[in-house]
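Just so we're on the same page: letters track the sequence lines, and every chain starts at 1. We use all heavy atoms of the structure for the numbers below, so side chains are in, but hydrogens, waters and symmetry mates are not.
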Number of protein chains: 2
Amino acid sequence: MTGLRDRKKQQTHDALSQAAIELFLKRGFDEVSVADIAAAAEVSKPTLFKYFATKQDLALHRIADHAGEAARVVTAAQVGTQASTGSAGSTGSTGSTGSTGSDGSTGSDGSSEGPVTALRDHFVDGLKRRDPVTGLNDDPTVLAFHRLIFETPALAMRRQQFVAADQAALALVLTEVLGGKLAAELLAADLISTQHVLARRNWRVVSAGISADTQYRTARAEAIQAYARLLGR
Amino acid sequence: MTGLRDRKKQQTHDALSQAAIELFLKRGFDEVSVADIAAAAEVSKPTLFKYFATKQDLALHRIADHAGEAARVVTAAQVGTQASTGSAGSTGSTGSTGSTGSDGSTGSDGSSEGPVTALRDHFVDGLKRRDPVTGLNDDPTVLAFHRLIFETPALAMRRQQFVAADQAALALVLTEVLGGKLAAELLAADLISTQHVLARRNWRVVSAGISADTQYRTARAEAIQAYARLLGR
DNA sequence: TCAAAAAGTTAACTCGGTTAAATCTTTGTC
DNA sequence: GACAAAGATTTAACCGAGTTAACTTTTTGA
């Protein structure tokens with residue numbers, strides 16, 4: 001099924017992404033033109049734009065791939081508690097499943113506890129795994145990449161769009177889990193904000209020179225505290 | 001002090017803004033070029049960009065002017081409860097001051113009640129005044145304007161930047177009001193999200209044909225309910 | 001009245017993104 | 001294995017946002 005055609009497409013895609021990120025990290029987003037990237041990947045400009053809709057996406061497609069993760073985590077947790085047949089993660093890498101040492105068992109619907117604890121556990125698990133999305137990762141490349149995204153207005157902006165899409169998807173599944181649409185939208189917004197605030201905070205600390213290992217316990221405590229706010233109704 | 005120079009500048013600024021909004025509403029954001037706008041306002045393109053940094057700002061400067069409002073409301077409420085000398089509003093049009101029929105008097109610091117009720121009251125007051133930022137306004141022009149902003153990706157995106165700045169400013173004043181920085185950032189995010197969710201919701205309803213007067217009671221109730229979530233810790 | 005300062009104009013340029021026509025490559029079929 | 005249809009790539013030209021530099025006009029204040 002994986003014909004030569006598709007293999008070549010994958011190759012070109014990777015070549016573009018790699019060339020772009022390398023150049024962005026070396027010279028800064030604004031100091032690199034799409035023509036430079038196309039040249040480095042040895043393709044023409046129109047071809048580049050057939051693979052990536054915008055210049056920003058050349059840096060952000062890794063994040064874009066994570067789209068809908070929050071919604072997926074909640075859905076997974078939901079089917080996990082409804083029937084005890086725990087099959088988590090539908091698309092890609094969403095393996096979390098407890099360990100925070102807290103109850104996630106309030107099975108009666110109408111409560112916001114399930115989703116909140118599910119996302120909290122997912123985040124805390126991300127911290128343990130030093131998942132870049134948590135901000136708690138001191139790998140120089142990861143750090144440089146985050147710096148690039150957060151400190152380049154155009155990238156931060158486009159990133160925000162993906163986050164907004166994530167939030168909308170989350171609101172959608174929460175609408176079914178909870179009763180009302182208003183409550184769902186509010187909670188979705190709070191959940192996404194919380195994650196964002198925590199990640200940014202971790203990133204700032206790590207980026208100031210503190211090692212991820214040193215910061216881990218604090219980050220974990222802060223996360224639990226932050227999500228606890230959303231549990232008290 | 002208002003020399004001829006400044007008067008002319010104001011004139012040009014207004015001519016550009018007016019021409020831009022008129023054209024945007026008539027033909028859509030993407031169907032209007034900055035050259036069109038410059039021509040309509042009878043200035044050259046470089047001059048246009050001396051008045052407005054981006055094409056988006058030609059539509060959004062009215063929103064941009066509201067920058068830092070949330071922070072101002074909280075600060076005003078703070079000085080209002082610290083000393084009984086109530087002088088609200090530092091810069092522009094921020095006249096709110098109670099009437100929601102609820103206590104805003106918990107003067108002891110460390111509590112998040114003050115800021116939350118202050119912003120809630122401000123929002124509810126906005127509803128009563130049919131302030132466009134609340135989404136509860138069925139004036140055709142206002143409606144068309146909101147539609148333009150929300151449904152033009154480039155504008156929605158740029159708007160988000162202003163909102164983010166607002167949030168940062170709010171987080172800053174909350175950091176002083178509350179003890180910690182984490183709590184302040186989380187609360188600021190929740191507060192801004194809440195406002196945004198409520199406004200969007202109102203806009204959607206009104207935009208579906210329901211009159212602002214008809215929706216008022218519901219909108220008010222929803223707002224109070226939404227902010228109440230943030231009071232229970 | 002006059003010179004310095006502030007705006008404004010023109011024209012040319014950069015860069016992101018698009019379009020159309022021509023060319024080359026992969027693929028499935030006889 | 002030849003070959004036509006489908007798909008991907010290239011070239012070259014184009015559009016529109018935003019910038020730059022050199023030059024002219026207008027406002028100001030002494």
For Asp190(A) and Ser193(A), run side-chain hydrogen bond (donor to acceptor under 3.5 Å, both in side chains): C-alpha distance rounded to whole Å, both residues' side-chain angles, the deciding distance at 0.1 Å, then the answer. CA-CA 5 Å; Asp190(A) 288 352; Ser193(A) 296; 5.4 Å; no
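- In summary, Arg229(A) and Glu222(A) do not engage in a salt bridge, as defined by a charged side-chain N under 4.0 Å from a carboxylate O.
- Asp36(B) has its side chain within reach of Ser33(B): a pair of non-hydrogen atoms, C-beta onward, lies under 4.5 Å apart.
- Using a distance-only test at 3.5 Å, with no hydrogens or angles considered, a donor-acceptor pair links the side chain of Ser211(A) to the main chain of Thr214(A).
- For DNA chain D, the neighbouring residues in residues 35-63 of chain B, judged by any heavy atom under 4.0 Å, are Lys45(B), Pro46(B), Phe49(B), Thr54(B), Lys55(B).
- The closest donor-acceptor contact from the side chain of Asn137(A) to the backbone of Asp131(A) lies at 3.5 Å or more, if one exists at all.
- Heavy-atom neighbours of Glu42(B) CD from other residues, nucleotides or ligands within 6.0 Å: at or below the threshold of 12.
- Taking both residues in full, the closest heavy atoms of Ala212(A) and Leu136(A) are given as O-CD1, 3.9 Å, listed atom of the first, atom of the second, then distance.
- For residues 13-31 of chain A, proximity to DNA chain C is found at no residue, defined as any non-hydrogen atom under 4.0 angstrom from a strand atom.
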Between protein and nucleic acid, restricted to nucleotides 4-6 of chain C and to nitrogen or oxygen atoms under 3.5 Å apart, what atom pairs and distances do you find?
| from | atom 1 | to | atom 2 | distance (Å) |
| --- | --- | --- | --- | --- |
| dA6(C) | O4' | Arg5(B) | NH2 | 2.3 |
| dA6(C) | O3' | Arg5(B) | NE | 3.2 |

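- The side-chain heavy atoms of Leu198(A) and Thr134(A), taken from C-beta on, include no pair separated by under 4.5 Å.
- Arg130(B) forms a cation-pi arrangement with Tyr216(B), by the criterion of a distance under 6.0 Å to the ring centre and an angle within 45° of the ring axis.
- Contacts of residues 145-165 of chain B with DNA chain D (heavy atom under 4.0 Å): none.
- For the pair Lys8(A) NZ and dT9(D) P, the interatomic distance rounds to 9 Å; values are reported in whole Å.
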N/O donor-acceptor pairs under 3.5 Å from side chains in residues 159-169 of chain A, not counting sequence neighbours:
| from | atom 1 | to | atom 2 | distance (Å) |
| --- | --- | --- | --- | --- |
| Arg159(A) | NH2 | His196(A) | NE2 | 3.3 |
| Gln161(A) | OE1 | Arg158(A) | NH1 | 2.7 |
| Asp166(A) | OD1 | Gly68(A) | N | 2.5 |

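- The nearest whole Å value for the distance from the CG atom in Asp6(B) to the P atom in dT28(D) is 8 Å.
- Both the sub-6.0 Å distance and the 45° axial angle are satisfied by Lys55(B) relative to the ring of Phe29(B).
- Of the possible polar contacts, none joining the Ser17(B) side chain to the His13(B) backbone as a donor-acceptor pair under 3.5 Å is found.
- Residues forming a side-chain hydrogen bond (donor to acceptor under 3.5 Å, both in side chains) with Glu22(A) (at least two apart in sequence, or on another chain): none.
- Side chain of Ser33(A), nearest nucleotide from dT27(D), dG16(C), dA17(D): dG16(C).
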